[in-house]
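These notes are about the structure you will find just below.
Counting starts at 1 for both ligands and their atoms, in listed order.
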Amino acid sequence: MPKVLISDALSPAAVAIFRDRGVEVDVKTDLKPEELKAIIGQYDGLAIRSATKVTKEVLAAATNLKVVGRAGIGVDNVDVPAATQRGVVVMNTPFGNSITTAEHAIAMMFALARQLPDANASTHAGKWEKSRFMGVELYGKTLGLIGCGNIGSIVADRAIGLKMKVIAYDPFLSPDRALDLGVEKVELDGLFQRADFLTLHTPLTDQTRNIVDAAAIAKMKPGVRIINCARGGLIVEEDLLAALKSGHVAGAALDVFAVEPAKESAFFGLPNVVCTPHLGAATSEAQENVALQVAEQISDFLLSGAVTNALNMPSVTAEEAPKLKPYLALVEQLGGFAGQITETRLKAVNITYEGDVAQLNTRPITSVILAGLLRPLLDSVNMVSAPVVAREYDIDVSETKRETCEDYHTLVRLTVTTERQTRTIAGSLFAGTKPRIVELEGISLEAEVARNMLFVRNEDKPGFIGRLGTVLGDAGINIANFNLGRRPEGGSALALVSVDSPVADEVVKAVLALPSVVQAKALNF
Ligand SMILES: NC(=O)C1=CN([C@@H]2O[C@H](COP(=O)(O)OP(=O)(O)OC[C@H]3O[C@@H](n4cnc5c(N)ncnc54)[C@H](O)[C@@H]3O)[C@@H](O)[C@H]2O)C=CC1
Ligand SMILES: O=C(O)C(=O)COP(=O)(O)O
């Protein structure tokens, strides 16, 4: 039974889902990094929010971990490249809390415009300071959005309802989408110059970090009000602080901070600053949504291989997962075979999908082929990390699809180009599920892959089979299956021998020394 750790405060709905689905679950929140490292090795899955930092060090200790599920959107607390390198899938729940977070941004905008928190505190203190809290209207004001994705576009919709003029800077926002949303797409400087209220809705990335700094603030209208319900690192806090003190920025509403939990901050106590403790996603509806989703996604992945909302892997639906399963087994063998007989640097890989398989979602199949191919080089590679590793190794990967196939109902052909040569290997599924290698270097055969195999390329001359049998017999190696294939009589031939025990190096050398043998290689699957 797979085992999952919930390390942040998730709705109890998540625990219920895991248990219902047959996943063992522990809930341990507020763990120190050392404590997390000490126990993470036991778990197949980890469910988190923003508090748990899934660092390179935590991942290194997570020897059984297959999936990290973020009950929420931002994954800046997860070292996604390190997870990918280790073959850990990282998923989030991209829509479950977007309405809630957009509503918080709007609430923060109102709170700033009418100084609600201070007015509330003063009234509770019995002061009745009616003339102290003069506000500004939102009506007719320009709201500048930095980031107009899921949350930004909901904020835009609500702000348009409030009769604000909405402008947005988002390099990925298409003109058509901007038109649909009723938003004017602008450049960043234009946004800084025109916004009366400015709200941030981008992920924290190297491009967005410190996007609001002193230089940006200098371009803004005096009296601008800034709302940040995205990530603290988007704003240079000292620069904002200085601008608040000088009055250039009239107010700031901050739900997020550069360092969290923010138990102390120079913003605290300033009259024109509204702070909340990262409450953007904190409604019962949103927390129920994200907890349910993350538990479903993690369970589906661990139990059936379905992949939803992964940031580092192609999606596989619950319907596709069982259809892909026999192909993944087949191509693991094809990739493994090609990887083990490849001796020089890999330059290019082409995968041709023919017949039934061409109708499927082939991205995961390609990832598994690459993993099999690269595993002889790197033990740790798997379908998550393989495409990235292939890019790092500068291997040109391409796919071709053909709806029909001449001899089989379905066929996967792998062509591997190294510095020295190009090889092909093709496989099919017999009876719908049984992997078979059906072609090797242009020679037809029908071979089932076994744990231990010997691959021999030879000239097709009489006496070879007997001599090979004798070498193996003398070494005490029992032959389970012997597959032969050849080009026209007297040309080159292949033998793929399944054996009951591993073939030691000296036996491979003895096979290589036989007359007419061109290549011999022990293979393990
Ligand atoms: N305060 C809170 O509790 C919450 C905060 N968030 C934060 O909000 C962020 C946004 O969430 P969504 O809208 O759902 O994400 P999204 O991915 O739907 O939208 C992000 C938008 O930012 C844009 N973007 C990326 N780089 C940019 C750049 N350099 N300049 C301008 N725009 C850029 C993207 O094109 C995209 O349209 C999350 O990444 C997360 O950090 C999300 C949920 C709750
Ligand atoms: O979903 C997000 O990106 C959030 O920032 C929400 O964070 P939280 O789950 O409330 O710690």
Side-chain angles (χ1 to χ4, degrees), residues 6-11 14 29-30 47-54 68-78 80 90-108 144-158 167-174 177-178 181 183 185-192 195 198-212 216 227-235 253-258 260-262 274-291 293-294 309 311:
I6 297 178
S7 63
D8 284 328
L10 256 67
S11 153
T29 55
D30 301 320
I48 57 163
R49 285 176 59 191
S50 60
T52 300
K53 310 291 176 233
V54 186
V68 175
R70 198 306 189 202
I73 297 169
V75 288
D76 44 294
N77 50 326
V78 180
V80 181
V90 181
M91 301 170 162
N92 69 352
T93 57
F95 311 108
N97 65 24
S98 20
I99 292 174
T100 277
T101 307
E103 287 182 358
H104 195 62
I106 297 284
M108 292 292 249
L145 297 175
I146 302 185
C148 193
N150 290 321
I151 296 173
S153 50
I154 299 169
V155 170
D157 175 63
R158 303 318 188 244
I167 59 176
Y169 167 68
D170 185 328
F172 304 99
L173 177 68
S174 70
R177 172 88 179 130
L181 292 170
V183 159
K185 187 172 152 75
V186 295
E187 290 307 316
L188 189 56
D189 278 357
L191 182 136
F192 288 147
L198 189 156
T199 183
L200 294 138
H201 298 288
T202 68
L204 179 62
T205 63
D206 288 343
Q207 285 73 44
T208 59
R209 192 181 307 279
N210 299 338
I211 197 163
V212 173
I227 300 126
N228 187 7
C229 291
R231 283 296 177 270
L234 300 177
I235 296 180
L254 307 173
D255 183 46
V256 283
F257 296 83
E260 294 183 8
V274 178
C275 295
T276 49
H278 201 145
L279 290 185
T283 62
S284 40
E285 293 88 347
Q287 284 314 308
E288 184 94 354
N289 285 342
V290 296
Q293 275 173 33
V294 89
N309 296 327
L311 293 119

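The closest heavy-atom contact to atom 6 (N) of ligand 1, among the options R209, R231, R49, comes from R231. The heavy atom nearest to atom 5 (C) of ligand 1, out of those in G280, A105, C229, is found in C229.
The shortest N/O to N/O separation between I73 and ligand 2 falls below 3.5 Å. Remark: ligand 1 and I151 share an N or O pair separated by less than 3.5 Å (distance only, no angle test). In terms of polar-atom proximity, A281 is counted as a contact of ligand 1, with an N or O under 3.5 Å from an N or O of the ligand. For the pair R49 and ligand 2, the shortest N or O to N or O distance falls below 3.5 Å. Taking any N or O of S98, backbone or side chain, none lies under 3.5 Å from an N or O belonging to ligand 1. Of the N or O atoms in D255, one or more lie within a sub-3.5 Å distance of an N or O in ligand 1. Among the atoms of H278, some N or O lies under 3.5 angstrom from an N or O of ligand 1.
When non-hydrogen atoms are compared, ligand 2 lies under 4.0 Å from the side chain of A281 (C-beta onward) but not from its backbone. For L188, no heavy-atom contact with ligand 1 is shorter than 4.0 Å. Under 4.0 Å from ligand 2, the heavy atoms of N97 that appear belong solely to its side chain.
Remark: D76 engages R231 in a salt bridge, criterion side-chain N to carboxylate O under 4.0 Å.
T52 and D8 form a side-chain donor-acceptor contact under 3.5 Å, judged by distance and modelled atom types alone.
Results of the side-chain hydrogen bond (donor to acceptor under 3.5 Å, both in side chains) test with T283 over N289, T101, T100 single out T100 as the only residue that passes.
Contact annotation for atom 17 (O) of ligand 1: protein absent (non-hydrogen atoms, distance under 4.0 Å).
Near H201, with a cut-off below 4.0 Å to any heavy atom, the atoms of ligand 1 are 10 (C), 20 (C), 21 (C), 22 (O). Counting atoms of ligand 2 from 1 in the listed order, those under 4.0 Å from a heavy atom of G74 are 1 (O), 2 (C), 3 (O).
At the shortest separation from atom 19 (O) of ligand 1 among protein heavy atoms lies G149 CA, 3.3 Å.
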